[in-house]
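Proteins get letters first, then strands, A, B, ... in listed order; numbering begins at 1 in each.
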Amino acid sequence: MPNTVFWFRRDLRLTDNPALLAAVSAAADDGVLALFVLDPMPLRAAGGPRVSHLVRSLRALDESLGGALLIRYGDPVEEVPRVAAAIGAEEVHIAADYGPYGRGRDQQVEKALTGHGVTLHRTGSPYAVAPGRVRKSDDSPYRVFTPYSKAWAAHGWRAPVAAPRAVSWLPAHDSAGPPSVPDLPDVDLPDAGEDAARERLSAFLDGPIRDYATERNRPDREGTSGLSVHLKYGELHPRTILAELARHRGVGADTLRNELCWRDFYADVLFHRPESLWESLDARVGGIRTDSGPRADERFTAWASGHTGYPIVDAGMRQLRAIGWMHNRVRMITASFLVKDLHLPWQRGAAYFLDRLVDGDYASNNHNWQWVAGTGTDAAPYVRVFNPVTQGKKFDPDGAYVRRWVPELAGVGGGAVHEPWTLPKPPDGYPKPIVDHAAERRETLARFDEVRA
DNA sequence: AGTATATTATC
DNA sequence: ATAATATAC
């Protein structure tokens, strides 16, 4: 096998990725150099947890492979041709995702490689079923989740590949260090790397999966799978999870399988309709009146910084800012608040989430925002407006989640923390609600009526 | 995977 | 009186 360059996009997506692993293993067995050339990392403070996870993940991978990975951080359009030339590479493998979307950089790299005598391969899909594979009998894509999920289950998925064999690598000789990681808050971030991912999966299957269906909605407890970040960085392949789930029975296994199906479904939607990343799938609902201007900007800032006066919203936004992760239930609540209570476009919130989330995935994030906004594939016959107080009381009944992330409310006991404005002595330093939920809900319903008419 | 209101069940 | 269930938007 000739010398080979492997370019992985910002998301590694190597682990258990059959095509990529086969190519990497073959190259490694021949003693050729394999490389990771990455997009420039977002080094703003906002990306801190993400940069941290990526660097730790790469180091773990390097360690598991004997410490001989050549890792470069830089613009792939420049770095891939440079490295390919330096090692006389005849092949370049690109791990592409989402098909039409995201091909832009690939094409730029491809263009930069023309005339260098290299063969370009696109390999790998970080999904259980590759986007575009599950189709209706007339070959058209599914537009609704439930029929897709049935076809997805019927389609089935390959078994995950085995872990890579022991490999012998040429010594790394690159001097470029990793990007500096911005100062991170003093909280525990999840461990990075394949071993950590598999440990998390085992720990989840050993217990939490039993009550996953309900506990996953409790931000005050550790009831989620915690696997999203590992999926994001390719430390765990969905097929690995599905293979393990096959050995478990029950509603918990069914629920996680369904979540993985959502992930595949939204990637599939993006594959077929790449414009859906930032354009509303339902143009009519997407045309709803939104607010802009200085007052809207102030409200956005209050939302992003966690100062809306609605405790569950503020707790979520502060958790996101602190650790680059937010509980999924709270993601829905905070997203609903931005769109339905503050009347801001969903794209603004989606962009902020992508900027901050360590597990932020284009397809899942943006299509879930469309779901919340009512512009997505899910055509509910009613307008979903999350009530932040009801949701808080229901899913954080004791208020423990709010107290953990909103220190101004730490002294308020029990579920009353979800409506501090009703307390005889509202705590100092915590803002009053910046809008009245009941009034804004009516406003949203009225604006929906405008586009429905 | 929503919310508000009405109805029925349960203490 | 409060909780579970049903229904409409």
Checklist entry - Rounded to the Å, how far apart are A:Arg442 CZ and B:dA4 C1'? => result 13 Å
Item to check | Distance, rounded to the nearest Å, where A:Lys394 contributes NZ and C:dA4 contributes C1' | outcome: 12 Å
Next on the checklist: Taking A:Lys393 first and then A:Glu419, would you say they form a salt bridge - that is, a charged N and a carboxylate O separated by under 4.0 Å?
Outcome noted: yes
Checklist entry - Which whole-number value in Å describes the distance from A:Asn217 CG to B:dG2 P? => result 9 Å
Next on the checklist: Quick test of the criterion, 5.5 Å between centres and less than 30° between planes. Is A:Tyr382 stacked on C:dA8 or not?
Outcome noted: no
Next on the checklist: Rounded to whole Å, how long is the line connecting atom CZ of A:Phe395 with atom C1' of B:dT3?
Outcome noted: 12 Å
Can you give me every donor-acceptor pair (side chain of residues 310-323 of chain A, partner residue at least two apart or in another chain, under 3.5 Å) with its distance?
from, atom 1, to, atom 2, distance (Å)
A:Tyr310, OH, A:Val435, O, 2.9
A:Tyr310, OH, A:His437, N, 2.9
A:Asp314, OD1, A:His307, N, 3.2
A:Asp314, OD1, A:Thr308, N, 2.7
A:Asp314, OD1, A:Thr308, OG1, 2.8
A:Asp314, OD2, A:Thr308, N, 3.2
A:Asp314, OD2, A:Gly309, N, 2.9
A:Asp314, OD2, A:Tyr430, OH, 2.6
A:Arg318, NE, A:Gly306, O, 2.9
A:Arg318, NH1, A:Glu408, OE1, 2.7
A:Arg318, NH1, A:Glu408, OE2, 3.3
A:Arg318, NH2, A:Gly306, O, 2.8
A:Arg318, NH2, A:His307, NE2, 3.4
A:Arg318, NH2, A:Glu408, OE2, 3.0
A:Gln319, OE1, A:His327, N, 3.4
A:Gln319, OE1, A:Tyr401, OH, 2.5
A:Arg321, NH2, A:Tyr352, OH, 3.4

Checklist entry - Could you state the CG-P distance from A:Asp449 to C:dC9, rounded to the nearest angstrom? => result 13 Å
Checklist entry - Looking at A:Phe337 versus A:Trp303, is the centre-to-centre ring distance below 6.0 Å? => result no
Checklist entry - So, is A:Arg441 near the phosphate of C:dC9, with a side-chain N or O under 4.0 Å from OP1 or OP2? => result no
Item to check | Spacing between A:Asp378 atom CG and B:dG2 atom C1', to the nearest angstrom | outcome: 11 Å
Next on the checklist: Taking A:Asp268 first and then A:Arg273, would you say they form a salt bridge - that is, a charged N and a carboxylate O separated by under 4.0 Å?
Outcome noted: no
Item to check | A:His437 NE2 - B:dG2 P separation (whole Å) | outcome: 13 Å
Next on the checklist: Whole angstroms only, please: what is the CZ-P distance between A:Phe448 and B:dG2?
Outcome noted: 15 Å
Next on the checklist: Strictly below 4.0 Å: does A:Asn387 bring a side-chain N or O up to OP1 or OP2 of B:dA4?
Outcome noted: yes
